[in-house]
2 protein chains.
Amino acid sequence: MPRIRHTTLTCSPGCTVEATLELFGGKWKALILYHLFEDGVLRFSEFRRRMPNVTQRMLTNQLRELEADGLISRTVFPEVPPRVEYELTDLGQTLKPVIHALKTWGDKYAHSLKPEKE
Amino acid sequence: MPRIRHTTLTCSPGCTVEATLELFGGKWKALILYHLFEDGVLRFSEFRRRMPNVTQRMLTNQLRELEADGLISRTVFPEVPPRVEYELTDLGQTLKPVIHALKTWGDKYAHSLKPEKE
DNA sequence: CGGAATCCGCCACGATACTG
DNA sequence: CAGTATCGTGGCGGATTCCG
C-alpha cells in the first residue's frame with residue numbers, strides 16, 4: 001500500500017476523493033472499518049483474531065487515528081481484566097456505502113487482476 | 001497516506017476490501033482515476049495541470065502501475081512532439097462506482113472532519 | 001487484557017537534473 | 001512533450017520489551 005497520510009491537499013476543489021482516502025490511508029483502517037460494519041462492536045482482542053497479520057502497535061495506532069478522526073468510538077470498561085470496545089460513530093456509519101463499494105468491487109473483480117509481480 | 005502496496009493478504013477470505021484498496025494504494029491513483037472518469041481521455045501534460053503537486057516521477061510511476069494492473073491504457077502517438085494519451089480500460093470503468101462513492105462521501109462529510117493536527 | 005515505549009530497517013516519495 | 005536517471009530522506013511499519 002501507498003502512504004496516504006497527510007496528502008497536503010493536492011488538487012483544486014472537487015477532488016474530495018483524496019480527502020476521503022486519507023481517512024483509511026492507514027494501512028489497516030479499511031479492514032478495521034469493514035469488520036466493524038460486519039460485527040458492530042469489537043474488542044481489541046477480537047480485532048487481533050480477525051487480523052492476525054497486524055501487529056498490536058499498528059492496530060492501536062490505526063484505531064487511535066480512526067478515533068481522532070471521529071469515525072469510531074472507544075469505550076473503556078473499568079474492570080479487571082480491562083475491557084475496551086470499539087464501535088462506529090454516526091459519522092463512521094456514513095462510510096458504509098464506501099466500504100461496501102470497495103468490497104463489492106473486490107468480490108467481483110479481484111480475480112481478474114494481473115498476477116502480482118512478486 | 002499509508003503505504004498500501006503489497007499488503008500480503010492479511011485476512012481470511014471475504015476481505016477483498018484490501019485487495020481493492022491496493023489498486024489505488026498509490027498516493028495519487030485515486031485522483032488519476034477520478035480525472036479520467038471526469039474527462040475520459042487525458043494526456044500526460046493534462047494530468048500535470050490537474051495535479052500540480054504531483055511530481056513527474058510520481059505521476060509516471062502511478063500511471064505505469066495502473067496500466068500494469070490493467071485499469072488504464074496508454075497510447076503513444078508516433079509524432080513530433082510526442083503525444084501520449086491515457087484512458088480507462090473496461091476493467092477500469094468498473095471502478096466508477098467505487099471512486100464515485102469516495103467522492104460523494106468526501107463532498108458530504110469532508111468538512112465535518114476534526115481539524116488536522118499540524 | 002490492552003496497551004505504551006523504544007529501536008530501527010526500508011522503501012515510497014520528493015527534488016533535481018538530463019534525454020529522445 | 002513525455003518521460004528517464006540518480007540521489008537523499010521522512011516516517012511508516014515491524015519486532016520486541018515492559019506496564020497497570
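It should be emphasised that the depicted structure is a prediction, and the values quoted were computed from it without experimental measurement. Here is the naming used below: chain letters follow the sequence lines, and residue numbers restart at 1 for every chain.
Relative orientation of the B:Phe47 and B:Tyr86 rings is perpendicular, given thresholds of 30° and 60° on the angle between their planes.
Residues B:Arg50 and B:Leu42 share a closest heavy-atom pair of CZ-CD2, 3.7 Å.
Taking the C1' atoms of five terminal pairs at each end of the helix from C:dC1-D:dG20 to C:dG20-D:dC1, the two resulting helix axes are inclined by 50°, rounded to 10°.
In this structure, CZ of A:Phe47 is placed 11 Å from P of C:dG2, rounded to the nearest angstrom. As rounded to whole Å, 10 Å separates atom P of D:dG14 from atom CG of A:Asn61. If you take CD1 of B:Ile32 and P of C:dC13, they are 11 Å apart, rounded to a whole angstrom.
Within the structure, a side-chain polar atom (N or O) of B:Trp28 is placed less than 4.0 Å from OP1 or OP2 of C:dG14. Between D:dA2 and B:Ser45, a contact under 4.0 Å exists linking OP1 or OP2 to a side-chain N or O.
When side chains are defined from C-beta on, B:Lys27 does not count as touching B:Met58, because their heavy atoms never get closer than 4.5 Å. For the pair A:Ile32/A:Met51, a side-chain contact is recorded, criterion being any heavy-atom separation below 4.5 Å from C-beta on.
How far NZ of B:Lys96 is from CG of B:Leu88: 9.0 Å, rounded to the nearest 0.5 Å.
Between the side chain of A:Arg57 and the base of C:dG3, no donor-acceptor pair under 3.5 Å is found.
With distances taken from any side-chain atom of A:Lys27 to the nucleotides D:dA15, D:dG13, D:dG3, the minimum falls on D:dG13.
Where B:Leu63 and A:Met58 each meet DNA chain D at their nearest nucleotide, the meeting point lying more 5' is that of B:Leu63.
Of the residues in residues 72-87 of chain B, those placing a heavy atom less than 4.0 Å from an atom of DNA chain D are B:Arg74, B:Pro81, B:Pro82, B:Arg83, B:Val84, B:Tyr86, in numerical order.
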